[in-house]
Amino acid sequence: MVDSTLPPPGAVPPSLARVAFHAVAAGLTPLIPVPFLDDYALRQVREQSVRDQLKDKGLKAPDKAVAVLAGSYEARSLGGQLMSYLKAVALFPVRKVFRKVFFVLWVKDCVDLTSACLHHGYLLHHALQRGDLDATSLQGDAPRKVQAAIVAACAELDARPINQALRRIFRSSRVLMAEATRAFMDPKQGGARVPDPKSESAEVKSLTDRLLQEMWEERGYFTALERHYDKHLRGAPAPTQAPAATGT
């Protein structure tokens, strides 16, 4: 018997599969044990996700437009950077002994980043499918308008169902700091690299597959997300409802 909860073959386009992969890759960046390299890796992943989606449509954007669409112009707060640094420094000497504890401490960070990048990537995919960005508009103010509509749409929906699913995925995963480090470090160059869905480990691919299944099961949620984006891009007034909860 075929499990009806699983997406049928061809139901998820390759472009959306790459969105899920980059969301997982972004979610692994807090596990990088090198202070501030996690922020650099996150920015690289988010910008690569944007470039890949544009490339699927035969588009190439200026670096400024990519940065705007990736949200990488919004730097992490000073407090957040300091906390990331302190966690990395404090736990670095004991990570080999307390890997389970280390991973649990980072689960919320992993979930929050994966959720944010998944929502953003999905709506950028939707925007490109609608034709909201093209070769001409990418040179102007359209990227900022699309990004603003994406941010507004995400702020309106209660992301807890998605975040809870992500928390289950990460908590049951065997991905630890060493896996994240391997995913983002280039042993030949000695520096950071952008993860590639064609060459990543079975564990990272498994996380991506499980995320795609969750997206399939929550497709009603993502349809609602599209409607909120469409409304904000048209400039409709924001609803008067209370801000959505973002807890995990």
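The chain is numbered in sequence order, starting from 1.
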Going through the checks in order, is the side chain to side chain contact (heavy atoms under 4.5 Å, CB included) test met by L28 and F170? CA-CA 10 Å; L28 291 176; F170 277 103; 4.1 Å; yes

Quick one, Q147 with H120, criterion side chain to side chain contact (heavy atoms under 4.5 Å, CB included). Give me CA distance, side-chain angles, the key distance, then yes/no. CA-CA 9 Å; Q147 173 70 1; H120 178 275; 2.9 Å; yes

Salt bridge or not between E226 and K231? Use side-chain N to carboxylate O under 4.0 Å. no

Angle between ring planes, H119 versus Y221, binned at 30° and 60°: parallel, tilted or perpendicular? perpendicular

Can you confirm whether L54 sits close enough to K60 that some side-chain heavy atom of one is under 4.5 Å from a side-chain heavy atom of the other? no

Is K145 salt-bridged to D132, cutoff N-O under 4.0 Å? no

With no hydrogens and no angle check, is any side-chain donor or acceptor of R219 less than 3.5 Å from a backbone partner on W216? yes

Main-chain N/O of G121 paired to H125 side chain as donor or acceptor, under 3.5 Å: no

Could you walk me through whether E214 and L166 pass side chain to side chain contact (heavy atoms under 4.5 Å, CB included), step by step? CA-CA 8 Å; E214 293 290 346; L166 289 171; over 6 Å; no

If you round to the nearest 0.5 Å, how far is OG of S15 from NZ of K55? 14.0 Å

Can you tell if the side chain of V45 reaches within under 4.5 Å of the side chain of C117, non-hydrogen atoms only? no

side-chain hydrogen bond (donor to acceptor under 3.5 Å, both in side chains) assessment of D209 paired with Q213: CA-CA 6 Å; D209 290 342; Q213 182 177 339; over 6 Å; no

If the threshold is 4.0 Å, N to carboxylate O, is there a salt bridge linking D39 and R43? no

Apply side-chain hydrogen bond (donor to acceptor under 3.5 Å, both in side chains) to the pair H228 and E156, showing each step before the final yes or no. CA-CA 8 Å; H228 282 263; E156 285 184 353; 2.2 Å; yes

Please give me the minimum heavy-atom distance between L128 and K57, naming the atom from each residue. O-CE, 3.8 Å

Give a yes or no on whether a salt bridge exists between D230 and R130, defined as a side-chain N under 4.0 angstrom from a carboxylate O. yes

Heavy-atom distance under 4.5 Å between the side chains of F222 and L123, does that happen here? no

Side chains of Y229 and V146: does their closest heavy-atom pair fall under 4.5 Å? yes

For Y122 and M215, what are the C-alpha separation, side-chain angles and deciding distance, and is it a side chain to side chain contact (heavy atoms under 4.5 Å, CB included)? CA-CA 10 Å; Y122 182 91; M215 290 176 67; 3.9 Å; yes

Residue pair N163, S115: steps toward the side-chain hydrogen bond (donor to acceptor under 3.5 Å, both in side chains) verdict: CA-CA 6 Å; N163 291 358; S115 178; 2.6 Å; yes

Check: C110 main-chain N/O paired with T114 side-chain donor or acceptor under 3.5 Å: yes

